[in-house]
Structure formats: structure tokens, C-alpha cells
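Accompanying notes for the structure given below.
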Amino acid sequence: MPLDDMDLDTLCVNTIRTLSIDMVARANSGHPGAPLGCAALTYTLWTRYLKHNPKDAAWPDRDRFILSAGHASALLYSLLHLTGYDLPLEELKNFRQFGSMTPGHPEADCAPGVEVTTGPLGQGLGDAVGMAIAERYLAARFNRPGHEIVDHYTYVLASDGDLMEGISHEAASLAGHLKLGRLIVFYDDNGISLEGPTREWFTDDTAARFRACGWHTCSVEDATTDIAGIARAVEEAQSVTDRPSLILCRTHIGYASPLQDTHEAHGKALNAEEMKATKRALGWPEDAVFLVPDRAAAHMHKAVEKGSAAQKDWEERFVRYAGEFPELAAEWRRAWAGELPEGWDTGLPQWTPDHGAVATRTAAGATLEALRKNCWSLIGGDADLGSSTSSLPKDRRSMAPGDYGHQNIRFGVREHLMGAACSGIVRHGGLRAFGSTFTIFSDYARPALRLSALMRAPVIYQFTHDSIGLGEDGPTHQPIEHLASLRSIPNWTVVRPADANEAREAWRAAMLNKDGPTAIICSRQKLPVLQRSRLSPADGLHKGAYVLSDPPKGRPQVILMASGSEVWRAVEAAGLLAKKGVRVRVVSFPSWELFEKQPKRYRDSVLLPTVRRRLAIEAAAPMGWERYVGEKGGIIGLDRFGASAPGEEVLDKLGFGVKHIVKKALALWQK
Ligand SMILES: Cc1ncc(C[n+]2csc(CCOP(=O)(O)OP(=O)(O)O)c2C)c(N)n1
């Protein structure tokens, strides 16, 4: 059939299909199956329902589209190109090449319109829950009768793999509980995953599962081609406003190719013969490559006109809104410019030794309480440990189904989802997000933490119960390798405050970091508030490491450096060493990453290159401290798991007693 005779919808869908498989074939790598199967459903969504303006991918009230099945990236890139985003055909031809706008899996902002980084299955679904939460929170805060300034959907395309992953259970459960009616998920139910037919390992009744979690479900029998059926399902999902919706879409993976309905279609480029056969079956010229028929281009490009008009309408409505609510409008603009509200850090708590000993979790929590009051755009919560991590607001008011205008979110025992949702909230725009749990359970959020770093999403974590010092809960709850592990993630900032005042500064540093996630690592146990009239001020924390004290006279002979709960021990040890005639400098070292950002001159002024006798003290895996202590230095760390006993005793037994520190320092000094 000549292309001129092909009906317009089919022509457009086949353009998406063929572009996608051309990309994969050109790269000789990628995933042709899902784009062939899901082209019609995404085409229907993108051209009829998705509210977006390809010329302004950052328009705040756009619908969000999350490709949770990130391996189908060619599909997303084809849609972006065809609907008029700034993603030239040339970039489609450069699929999966170094420095292109079209990496193997979608990376946030690699091209305009790519909302989040996806690929590790299930993550996109978690991000989307965060986005839907952000939408409802902002709507509750800003919308006024007759002024629906925030009014958009979050759409997700999820695959079998997404729904097999554990995080999908967490996401379904919380989204259902919160009744996030503007979250609409398309499930690409093609019965095939990477290794073969899913009937051999995935036989859940997915619709029943989501319904049990409080979702609305509907299905499309032939989502490979039935555009009218897809449209009906979208409208049905949109009409259900009190529950999220799952649309089960029966599709054929690798549609029209010789590999249709087999797992070979999932992740292998079609060879030349298979490409020809597929194009023939689609009624396409079999030798055409990267062909975009004019009719298809013109039709899909209408998204620009439609989207610009929708955005213009929103902007006009916003002007009227700003006329009636100038203060809210000013707040809105500031937040969307990525700025914190004026006065965001005024009135933060201060501590003196007169307050007695204070756990850094308590101080961090008190700081958070003050920040939350100053800063409406900071939202987040805990994974069912808020009273232990001190992240609960005093009034205990939290987001609830239908009542979304509260800053605190009870994520429940769903750390992984909390991590992904926090990234989603931040990537939604207009908001900052935080999550809190025990440091040990950062493991449960690890895949999401890594992605937030990859996206440079400035999520803040308050991780507490930070070492063997937590005591009786024992080795299952005592983090050992977690500091090293978090520090090893590019773009992460780890801050482990030494006392209450450093905890406040840690929160300030986290709020000021717009470039990636920050973990504030806090103690369970109480720590003395350092005597700042004698020691340097706590705002030295912003430099990552700073001199806390120096010998009264003469050059230091030994440097003790420590983070968190070990700092006061280093200070005490320095006092005892002074009595033995050793001149000791004490360095509080809360953050390697902040320290590495300082000029060499500053770093040398703290670690004095000529003083080679340096001892690092940190109740965690020692890995990495070598770079700061040097060849002649030593480390008191942990190369074993902890033990269940009172915290001070465990610390003492495992080498963190002041006496042991003195002994090690003396040995270094005498070497
Ligand atoms: C967390 C995670 N585990 C494994 C993979 C590797 N992987 C990519 S796609 C896929 C499954 C493919 O099946 P499905 O999700 O149904 O996608 P389809 O075959 O329909 O394209 C797997 C295991 C991954 N991307 N993420």
C-alpha cells in the first residue's frame, strides 16, 4: 500500500515504530520490541491527551510522562522528536553514542522532555508516585476557587519487569492509600520479559493486586493497534478522580517483526532481513531508513501548536491569579526558579554546653522543624521511624488521602519507594524533598539513592542511628560500610555532624546544595555540645573539615581527625595527650565531599602536609581515610560487624574509647 493511502493514525504509529527500530538497528544495540508494541498507545496518549508544550519542556503545569520501562528509550526519543521537542533526527541517528542526546536509557534532561532517569526497572513508577504527590501538594497550597493553577496528570508506561520489582508493590500500596487520582499507569502487558514468556515466572493477577491496593483498573484488549480502545481507557481513567488508575494494555512485543511475541524481540537489534520483513508487514517501504512522511510529521507536530495554546491559556490564568493572590504568585515564582523562600534559615536552633548532651538526630530534627516552618516548599517524611529519626513535625500533621496540603509524608515501611518518590518530588519542580530512616536501611533505598545522584536531584536524607554507638539493637542495625558506600556514589554529599550545632549547619549545607543529594548522618546517642568558646565555630562544617583546636603553643605534632560522634572523643584525647607533652591539632571532618570542593590552599592549611602523624577516627569501615592520613598515619575504624550491647560499651570495646585513641596517637607520635 502506498504510504499516501495509509490512514493518518496508522501512518503516525508506523513512523514511531520504524524510527525506533531504525535507531536500534543503526546502534546495533537497544530494545526494539517494546516500541513496536507500545507505539499506538503512546501515540494516542501523546497526541490526544498529554498536556505538554514541546517548546517549553519546563512548563510547570504540564502533564508528566514517565517511561518506567526505560529500555524502551527509542520509543520516547521518537515521540519527542516527532512532537516537536528540540531533539533533531540527527540525534536519533546517534542513539546510544558517546555524548549524544539519546543515551541507552533515558537520563533526566539528556533531551528536553525527559523527566527522570529510568532503566533500573520499577524506579520510574516510584518517581511517578513522588510526582503525583508533588502535584497534589502544590494544588492544595496554591489552587483557589476558580483558579486551578496546578492541574495535571502523571502518566507512566510500565512493563512486566517494572511490576515484578518489589518497589512496584511499595508504589502501588502508597499511591492507592493516598488516593492519587491523577496518577495513570499503562501496563504493557505483553506476556514476555527478557528471558521468555512471563507465564513461567510471573503469574500474579496484576489487576486484582492493584485493585486490592485501592486502584481503579481497566484494560485494553488490543493496545497494539486499537486507538479508539486506548482512548476510551484513558478517558475512563481520567474520570476516576479518587483513585490512581492502572490500564492493563494487551500488546504484542516486536509487533509486525518476524520476532513478534518472542523474547528475542525484547533486546536485540533486528538484522537486515528482519528489518525489511517488519517494514513490509507495516506497509512501509522496506529500504527506507529514518523515514518521516510529511503527513505524519505535520500531524504529530501539531503538539507544538496545541501545547503552546494550552500553556498560553495557563499563563493568562496565572496572570489573573497573580492579580488576586500576589503573595502566593511571588512564592510560586520563587520556588519554580529553584530559590528557597526568603528567611528560610532564620531562627534555627542554637546549642551551648549548658543544654547538656544532645543526640545529633534530635538536633537535626529540631532544625528540620524550624526549616519546615520557614520553608513551605520542603516536604518529605519518614519510613515509619519518624519518632526515632526525629523527623516528625511537632503537630504530627501529615499528608492524608484527600488532604494533601501537609509537608510531612508518612511513607510507611517503604524505604525504596521513599527514595524514588523523593527524586520524583524534586524532579517535578517547585519543591525540595527529604526522607529519613535509620542509616542501616539506606540499603533498602540504595537503587533510588543512586539514581537521585545520577539525576543530580537535591534530595536530603536524615539518616540516623549512625554507628555501633546505637547499641543494643546490635549488628543487624549497626551500619559499618554505609558511609564508605554512600561516599562512593558520584554526586553524593555525606555530612556527619559532630554535635548539635554541626547538625544545624549540616541541614543548612544540605538546603544550599542544589547539585545532588545530601545525607545527614546522625547519632542515636547523646553527644556533648562542643564548647565553641574554646573551639572553632560550627559553620566550619561548610568547608567539609576544619581545625577545631590547636595546641596553645608551637606547631602541631599530631593531627587527630574525626567525624560525628567520634569528634568529642578526639577533643578529649587531645587534652590528655597535651598533658603528656604531645602537641595535637583536632580536625572535625564531617564531609569529604565538601572538603574536596575547597581550594588546595585551604585543605593544606587544615591537614598541614608537613605533619605526617595523623590519626583518623570514625566508627565505620575505614576505607578511604588513607587519602587523608597518608602513609605515616593511622585509622581507628571498623573492619568487623558490631555487637549487641549498650552503645558506649560497644564503642569502648571496639577501640573508640578515649584511652585507646590516646594510646594509638602516642604510638604514632613515637614512631
Ligand atoms: C532492576 C532491573 N533488573 C533487571 C534489568 C534488566 N532488564 C531490562 S528489561 C528486563 C525485563 C524485560 O521484560 P519487560 O519488562 O516485560 O519488558 P519487555 O520485554 O516487554 O520490553 C530486564 C530483566 C533492569 N533493567 N532493571
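Computed from heavy atoms alone, side chains included, the values below leave out hydrogens, waters and symmetry copies. Start at 1 and go down the list; that is how both ligands and their atoms are numbered.
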**Request:** Indicate the atoms forming the closest heavy-atom contact of A69 with D162, along with that distance.
**Result:** N-OD2, 3.2 Å

What is the nearest protein non-hydrogen atom to [atom], stated with its residue, atom name and distance?
atom                    : value
atom 19 (O) of ligand 1 : H266 ND1, 2.8 Å
atom 20 (O) of ligand 1 : N190 ND2, 2.6 Å
atom 2 (C) of ligand 1  : L121 N, 3.6 Å
atom 6 (C) of ligand 1  : L194 CD1, 4.4 Å
atom 1 (C) of ligand 1  : E165 OE2, 3.2 Å
atom 25 (N) of ligand 1 : G119 O, 2.9 Å

Kindly confirm or rule out an N or O of [X] lying under 3.5 angstrom from an N or O of ligand 1.
X    : result
I192 : yes
A34  : no
D160 : yes

**Prompt:** Are the side chains of T437 and F463 in touch, meaning some heavy atoms are under 4.5 Å apart?
**Reply:** yes

**Message:** Counting C-beta onward and ignoring hydrogens, is there a side-chain heavy-atom pair between E221 and D226 closer than 4.5 Å?
**Reply:** no

Working to the nearest 0.5 angstrom, can you tell me the gap between [X] [atom1] and [Y] [atom2]?
X    : Y    : atom1 : atom2 : answer
I16  : L36  : CD1   : CG    : 11.0 Å
F434 : I460 : CZ    : CD1   : 9.0 Å
T464 : I521 : OG1   : CD1   : 9.5 Å
L80  : E91  : CG    : CD    : 12.0 Å

**Main-chain N/O of L11 paired to T15 side chain as donor or acceptor, under 3.5 Å** = yes

**Message:** Can you confirm if the NZ or CZ of R243 lies within 45° of the ring axis of W215 and under 6.0 Å from the centre of its six-membered ring?
**Reply:** no

**Asked** Which is closest to atom 13 (O) of ligand 1 in terms of heavy atoms, G70, G33, S193?
**Response** S193

**Request:** Under 4.0 Å from a heavy atom of G161: give me the atoms of ligand 1 that qualify, with their elements.
**Result:** 14 (P), 15 (O), 16 (O)

**Message:** Which of the numbered atoms in ligand 1 are under 4.0 angstrom from any heavy atom belonging to I253?
**Reply:** 18 (P), 19 (O), 20 (O), 21 (O)

**Request:** May I ask whether P120 places a heavy atom under 4.0 Å from ligand 1?
**Result:** yes

**Prompt:** For H71, is the nearest heavy atom under 4.0 Å from an atom of ligand 1?
**Reply:** yes

